Amino acid sequence: MTAPVRVRMAPSPTGFLHIGNVRTALFNWLFARHHGGEFRLRIENTDTSREVAEATEQIQESLRWLGLDWDGEVTFQLDRIAECAELARRLVEEDKAYEDEGAIRFRMPDEGVTAWEDAVRGPIEFPNEKLEDLVLVRSDGRPTYNFASPMEDVWDGITHVIRGEDHISNTPKQINLIRAVGGELPVYAHVSFVLGADGKSLSKRHGSVTVDDFRHEGYYAPALVNFLALLGWSYDDKTTIMSRDELVERFDLGRVVPSPATFDYQKLDWMNGVYLRALREGEYADELVRYLRETGHDWDEQLVRRAVPIVQEKIERFGQFPDFAGFLFRDVHPDPAALDGRVAIVAAARDELQEVEPFAAPEIESALRALAARLELSPRKAFEPIRIAVTGSKVSPGLFESLELLGKEETLRRLSAVVATV
RNA sequence: GCCCCCAUCGACUAGCGGCCCAGGUCGCCACCCUUUCAAGGUGGUAGCGCGGGUUCGAAUCCCGCUGGGGGCACCA
């Protein structure tokens, strides 16, 4: 039996989960699940304020939403202050560290190089003369990140440290520290950053950045996971859409590329659309209903569910639903300019639809097509003012189905309202 | 300033010396379908940063340059 794999995600509890960190977390998770190992969640906190508690809960909620489950209890760096202090004392006794104005510093080697085989970048080495003696414990007694983090990795039996490339220059320091305490070195894998279209690191001005942002925009978690997995990793030269299970089965750290990736919102939108269209109607409805509740749209659930067939093929994010199908739930205010005086058509449609029974899509369609023919207008020309009058927009779900859902009474009311105002 | 990382179409990537006058996906363009918008179908556009090597042969290996990025805290 090979040694079990154990990885961790170690966010600092400073706020919402950034999508770049999520991508790193996802790689950790995929790696762990692929190898049947463990994925731990460790909070790198330095205090116990209320903000920390909230951020910690926020991080967990985001991971849950994405379906990235972790093993064991969440651990906190702060809980290991005592162990760190004791270890630092031992290092001083062994003359591997020394006191410096109340703080404890570790003696870094002065000659040679510190090197490791990075699982995504290959060999990396740093000249030791560039390594400064590292503060392990501050004068107030708290351990520093570069001391606590590698020690926790050792104590937790972390086998693979998969983290952002900003930690590359910390690695030689941490390696020397682990060697000094006689700990087992993990395998290091430094993944690149996720950038915005301007080549700068992804921030709010680029669009959504936190998991919460994407959730509120109406992205579907499995699609986001699929998209993120492909940011810096690929299975082969042609596979794009992969289920969670397929990702787990196929993920391979060796196929993670070292170069930074630009986050392409358009491709995410496309992929989200692919996932949403593939959902079974009932499943789509459940997700949509949940999304609308979360975003504060208190709309009739039955009507939302009935609207699914006319929107599923049309929108790529749940966030587009309120604009696209909102006319079913609230009154509209057609723009007279958009109508451009074509009230006669609206009036004719009202008269025509008055007679339609039952008020169902097929009957509505034949009535309106007959009307268009009578007016000697192309369906395109004839339907536009009707669409505007009823949905308030030039863009909407299929007209006939929309009218059926809206109901005869409300449809006639909206058509009449337009006729009356002009 | 010093140290480190990175470099294939606009974007994500395949490629790990000959299968590549570079393949897939998104985007974009055109056409088809069509009640709008989508979806779908067909076709197309576009790339190995530059310069030296190594080799019979280089997108692939080596060196330099250039251009990006990161790090040099008693932050994480």
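Order of the sequence lines sets the chain letters (A, B, ...), proteins ahead of strands, with each chain counted from 1. Since we're looking at a predicted model, the values are computed, not measured.
Cation-pi geometry between A:Arg105 and A:Tyr98 is not satisfied (NZ or CZ under 6.0 Å from the ring centre, within 45° of the ring normal).
Ring to ring, A:Trp233 and A:Phe27 are not that close: their centroids are 6.0 angstrom or more apart. Between A:Tyr145 and A:His167, the ring center distance clears the sub-6.0 Å criterion.
Formation of a donor-acceptor pair under 3.5 Å by the A:Arg6 side chain with backbone atoms of A:Asp156 is found in this model. Using a distance-only test at 3.5 Å, with no hydrogens or angles considered, no donor-acceptor pair links the side chain of A:His216 to the main chain of A:Asp213. With hydrogens and angles ignored, the 3.5 Å screen pairs no side-chain donor or acceptor of A:Glu51 with any backbone N or O of A:Thr14. Proximity of a side-chain donor or acceptor of A:His160 to a complementary backbone N or O of A:Asn28 within less than 3.5 Å is not detected.
For A:Val257, whose side chain is taken as the heavy atoms from C-beta onward, the closest listed nucleotide among B:A76, B:C37, B:A14 is B:A14. The side chain of A:Ala103 lies closest to B:C74, out of B:U35, B:C74, B:A76. For A:Gln77, the side-chain atoms get nearest to B:A76 when compared with the rest of B:C6, B:A76, B:U13. With distances taken from any side-chain atom of A:Val395 to the nucleotides B:U13, B:C37, B:C12, the minimum falls on B:C37.
A straight line from CD of A:Glu152 to P of B:A76 spans 12 Å, rounded to a whole angstrom. Put simply, NZ on A:Lys314 is 13 Å from P on B:G40, counting in whole angstrom units. The nearest whole Å value for the distance from the CD atom in A:Glu313 to the C1' atom in B:U36 is 15 Å. When rounded to the nearest whole Å, the span between CD of A:Gln174 and C1' of B:C4 equals 15 Å.
More than 12 heavy atoms of other residues, nucleotides or ligands lie within 6.0 Å of CZ in A:Phe76, so this atom counts as buried by the packing criterion. Surrounding CZ of A:Arg205 are more than 12 heavy atoms belonging to other residues, nucleotides or ligands, all under 6.0 Å away. Heavy atoms from other residues, nucleotides or ligands lying under 6.0 Å from CD of A:Glu94 number more than 12.
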Could you walk me through whether A:Phe39 and A:Arg33 pass the side chain to side chain contact (heavy atoms under 4.5 Å, CB included) test, one step at a time?
CA-CA 8 Å; A:Phe39 172 64; A:Arg33 296 292 170 255; 4.2 Å; yes
For A:Glu355 and A:Lys408, what are the C-alpha separation, side-chain angles and deciding distance, and is it a salt bridge (charged side-chain N to carboxylate O under 4.0 Å, His left out)?
CA-CA 10 Å; A:Glu355 310 304 322; A:Lys408 188 170 187 176; over 6 Å; no
Residue pair A:Asp236, A:Thr239: steps toward the side chain to side chain donor-acceptor pair (under 3.5 Å) verdict:
CA-CA 6 Å; A:Asp236 60 16; A:Thr239 308; 2.8 Å; yes
Could you walk me through whether A:Asp252 and A:His34 pass side chain to side chain donor-acceptor pair (under 3.5 Å), step by step?
CA-CA 8 Å; A:Asp252 173 11; A:His34 175 86; over 6 Å; no
Intermediate values then yes/no, salt bridge (charged side-chain N to carboxylate O under 4.0 Å, His left out), A:Glu152 and A:Arg8:
CA-CA 10 Å; A:Glu152 288 191 283; A:Arg8 87 298 198 278; over 6 Å; no
Between A:Glu246 and A:Arg244, does the salt bridge (charged side-chain N to carboxylate O under 4.0 Å, His left out) criterion hold? Intermediate values first, please.
CA-CA 5 Å; A:Glu246 286 169 330; A:Arg244 174 175 307 259; over 6 Å; no
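Listed by residue number, A:Arg369, A:Pro379, A:Arg380 are the residues of residues 351-382 of chain A with a heavy-atom contact under 4.0 Å to RNA chain B. For the segment residues 223-235 of chain A, residues with any heavy atom less than 4.0 angstrom from an atom of RNA chain B are, sorted by number, A:Leu230, A:Leu231, A:Gly232, A:Ser234. Residues from residues 189-217 of chain A with heavy atoms under 4.0 angstrom of RNA chain B, sorted by number: A:Phe193, A:Lys200. Using a 4.0 Å cut-off on heavy atoms, the residues of residues 121-136 of chain A that approach RNA chain B are A:Arg121, A:Ile124, A:Glu125, A:Phe126, A:Pro127, A:Lys130, A:Val135, listed by number. Within residues 81-101 of chain A, the residues that have a heavy atom under 4.0 Å from RNA chain B are, in order of number, A:Asp100, A:Glu101.
Within the 4.0 angstrom heavy-atom criterion, only backbone atoms of the sugar-phosphate kind lie near A:Ser259; the bases stay farther away. Note on A:Pro397: a base of the nucleic acid sits closer than 4.0 angstrom, heavy atoms only. Heavy atoms of A:Asp140 sit nowhere under 4.0 angstrom from any nucleic acid atom. Counting non-hydrogen atoms under 4.0 angstrom, A:Asn170 reaches a base of the nucleic acid.
Remark: A:Leu78 engages A:Asn45, A:Thr48, A:Ile81 in a side chain to side chain contact (heavy atoms under 4.5 Å, CB included) (not counting sequence neighbours). Looking at residues two or more places apart in sequence or on another chain, you find a side chain to side chain contact (heavy atoms under 4.5 Å, CB included) between A:Pro309 and A:Glu281. Judged as a salt bridge (charged side-chain N to carboxylate O under 4.0 Å, His left out), and not counting sequence neighbours, A:Asp237 has no contacts.
Residue A:Ser396 places no side-chain atom within donor-acceptor reach of the base of B:C37, judged by atom type and a 3.5 Å distance cut-off alone.
Applying the 4.0 Å criterion to OP1 and OP2 of B:C74, one finds that A:Arg105 has a side-chain N or O inside that range. For A:Arg255, a side-chain nitrogen or oxygen approaches OP1 or OP2 of B:G15 to under 4.0 Å. In this structure, A:Ser169 does not reach the B:C72 phosphate: none of its side-chain N or O atoms is under 4.0 Å from OP1 or OP2.
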Let me check something: any side-chain donor-acceptor pairs from residues 109-116 of chain A under 3.5 Å, sequence neighbours excluded? List them with distances.
from     : atom 1 : to       : atom 2 : distance (Å)
A:Thr114 : OG1    : A:Asn128 : OD1    : 2.5
A:Thr114 : OG1    : A:Asn176 : ND2    : 3.0
A:Trp116 : NE1    : A:Asp118 : OD2    : 3.1

Pairs under 3.5 angstrom, nitrogen or oxygen only, protein versus nucleotides 44-49 of chain B, please.
none

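Ring geometry for A:Phe321 against A:Phe329 counts as tilted: the plane angle lies between 30° and 60°, on a 0 to 90° scale.
Residues in residues 217-231 of chain A take part in these side chain to side chain donor-acceptor pair (under 3.5 Å) pairs, two or more places apart or across chains: A:Glu217-A:Arg317, A:Tyr219-A:Asp269, A:Asn226-A:Tyr275.
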Let me have a per-nucleotide readout for nucleotides 20-30 of chain B, 5' to 3', with B, S or -, counting only protein heavy atoms under 4.0 Å.
---BBBBS---
